[in-house]
Amino acid sequence: MKIIGTGSSLPKKVVTNDMLSTFLDTSDEWIVTRTGISSRKVISDERLEDLAVDAARKAIEDAGITLDEIDIIICSNVVNEFVTPGLSCVIQRDLGTKVPTMDLNAACAGFIYGLDFAHGYSMVHKDVRNILLVCAEEPTRMMNWADRNVCVLFGDGAAAVVLDCTDKENDCIKEVKLSGVPAVESLYYKRNLEPTPFITKEKEPVPITMNGRDIFRMATRAAFADITAVFEKAGITAEDIDYFLLHQANIRIIESIQNHFGISPEKFLHNIEHLGNTSSASVPILMDEMNRCGRLKKGQKLIMSAFGAGFVSGAAYVVWDK
Ligand code: UT7
């Protein structure tokens, strides 16, 4: 299996740190120093499914194939306006195709999980030609915008990749390591459900609640462990890698991984400055940016790694073959 097309789509509304400090007790200086984020893009009048479909169309065009060559759509998503059907069904409707679709929720690690599950699916279903993996996220709709601990961190966006499964001899997904430890209380969001005549529980809707320090600690540990496991399985070291595409949650987390491995900062790509944390879309948006500006070249060795609520994490070693 290999990645043959990438696409992404972002909301038009740019929200700067200075804009946040007009209604929050925060500052550009605090946010930049603690997170590396200067601005983020936030959904205003767009629908998430429109961003997802735009990203998908761009990825299909980049792959040089047609929509009827896609055999399954997988969508990684944490929240959107539909609880059911899955966002992948809405994407299918709007693209105008008829194929199996499924959603997965591995929080911000959804791209790595999607890649691994697509890889496994392609091995079982040998007649599958191309898989469309879409990551579409609007985390800004889950939070209390009066909570400065959380709302400064996130932005919205969508990204997609086309995975070609036809070249069985040349598998570019070399190794994947997925991990999980129970830590629900460290980061969660509970939605409102409808009342019933029988419900006796208190209603407890809760916007995103996060213990930032816990997540920071778990993230650095997990990323280091997952990437090390991938290196060991593949028989390579950090020196062999051309680029690291890590989840864009906090520039200090990225720097901490970089310091762990003692690798030059130029190898650690980032766009957190202008997008913030776009949940599972963050790694594929970054990949699409780098693909489109010509930075990714055939044969380059890439490490992708992400983590999120759960606590779940994963890393993938991919050789770029496009
Ligand atoms: O995809 C996974 C999503 N989540 C994450 O990746 C989060 C990982 N964690 C982090 O990125 C960091 O822990 C944060 C950026 C969330 C916080 O940075 P920190 O260096 O861990 O700061 P802190 O939580 O220890 O807070 C330090 C101070 C506190 O004030 P006091 O108690 O020392 O007086 C906070 O109340 O900074 C305060 N603070 C803020 N001040 C200005 C927290 N948020 C803000 C803010 N502006 N936005």
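Order of listing sets the numbers, starting from 1, for every ligand and every atom in it. All values below come from the heavy atoms of this structure, side chains included, with hydrogens, waters and symmetry mates left out.
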Just by distance, do the side chain of Asp321 and the backbone of Lys298 share a donor-acceptor pair under 3.5 Å? no
Would you say atom 18 (O) of ligand 1 has a protein heavy atom nearer than 4.0 Å? yes
Just say parallel, tilted or perpendicular for the rings of Phe261 and Phe231, cut-offs at 30° and 60°. perpendicular
Any protein heavy atom at under 4.0 Å, with atom 44 (N) of ligand 1 as the reference point? yes
How close do Ala160 and Ala59 get, heavy atom to heavy atom, and via which atoms? O-CB, 3.6 Å
How far is atom 5 (C) of ligand 1 from the closest protein heavy atom, and which atom is that? Ile215 CG2, 3.6 Å
Nearest to atom 39 (N) of ligand 1, what protein heavy atom do you find, and at what distance? Trp30 CZ2, 3.4 Å
For Arg34, counting its heavy atoms only, list the atoms of ligand 1 lying under 4.0 Å from any of them. 19 (P), 20 (O), 22 (O), 27 (C)
Under 4.0 Å from atom 32 (O) of ligand 1, is there any protein heavy atom? no
Considering only the protein, which heavy-atom contact is closest to atom 6 (O) of ligand 1, and what is its distance? Ala249 CB, 3.3 Å
Under 3.5 Å between any N/O of Gly212 and any N/O of ligand 1: does that happen in this structure? yes
Asn130 and Asp71: side-chain donor and acceptor closer than 3.5 Å? no
Atom indices of ligand 1 within 4.0 angstrom of Val152 heavy atoms, with elements: 48 (N)
By number and element, which atoms of ligand 1 are closer than 4.0 Å to a non-hydrogen atom of Cys108? 1 (O)
Exercise: do Ser88 and Thr101 side chains pair donor with acceptor under 3.5 Å: yes
Should we say atom NZ of Lys174 is surrounded by more than 12 heavy atoms from elsewhere, each under 6.0 Å from it? yes
Pick one of side chain, backbone, both or neither for how Thr26 approaches ligand 1, counting any non-hydrogen atom pair under 4.0 Å. both
Among all protein non-hydrogen atoms, which one is nearest to atom 29 (C) of ligand 1, and what is the separation to 0.1 Å? Arg148 NH2, 4.7 Å
For Arg252, the atoms of ligand 1 under 4.0 Å from one of its heavy atoms are 18 (O), 19 (P), 20 (O)
For residues Thr140 and Asp156, is any side-chain donor paired with an opposing acceptor at under 3.5 Å? yes
Would a search of protein heavy atoms around atom 21 (O) of ligand 1 find one under 4.0 Å away? yes
With Arg40 as partner, the option from Leu10, Ile31, Asn277 fulfilling side chain to side chain contact (heavy atoms under 4.5 Å, CB included) is Ile31
Would you say the side-chain atoms of Thr35 and Asn250 include a donor-acceptor pair closer than 3.5 Å? no
Nearest heavy atom to atom 15 (C) of ligand 1 wins, so pick from Ile31, Thr35, Asp214, Val150. Thr35
Among protein heavy atoms, which lies nearest atom 4 (N) of ligand 1, and at what distance? Met210 SD, 3.3 Å
Of all the heavy-atom pairs spanning Ile112 and Ser305, show the shortest one and how long it is. CD1-N, 4.0 Å
Record the part of Asn277 in heavy-atom contact with ligand 1 below 4.0 Å; permitted values are side chain, backbone, both and neither. side chain
Which ligand 1 atoms are under 4.0 Å away from a heavy-atom of His247? 1 (O)
With a 4.0 Å cut-off, would you call Lys301 and Asp242 a salt bridge? no
Among all protein heavy atoms, pick the one closest to atom 24 (O) of ligand 1 and tell me residue, atom and distance. Arg213 NE, 4.0 Å
Would you check the N or O atoms of Asn250, main chain and side chain alike, for any that come under 3.5 Å of an N or O of ligand 1? yes
Would you please say whether a donor-acceptor pair under 3.5 Å links the side chains of Glu137 and Ser280? yes
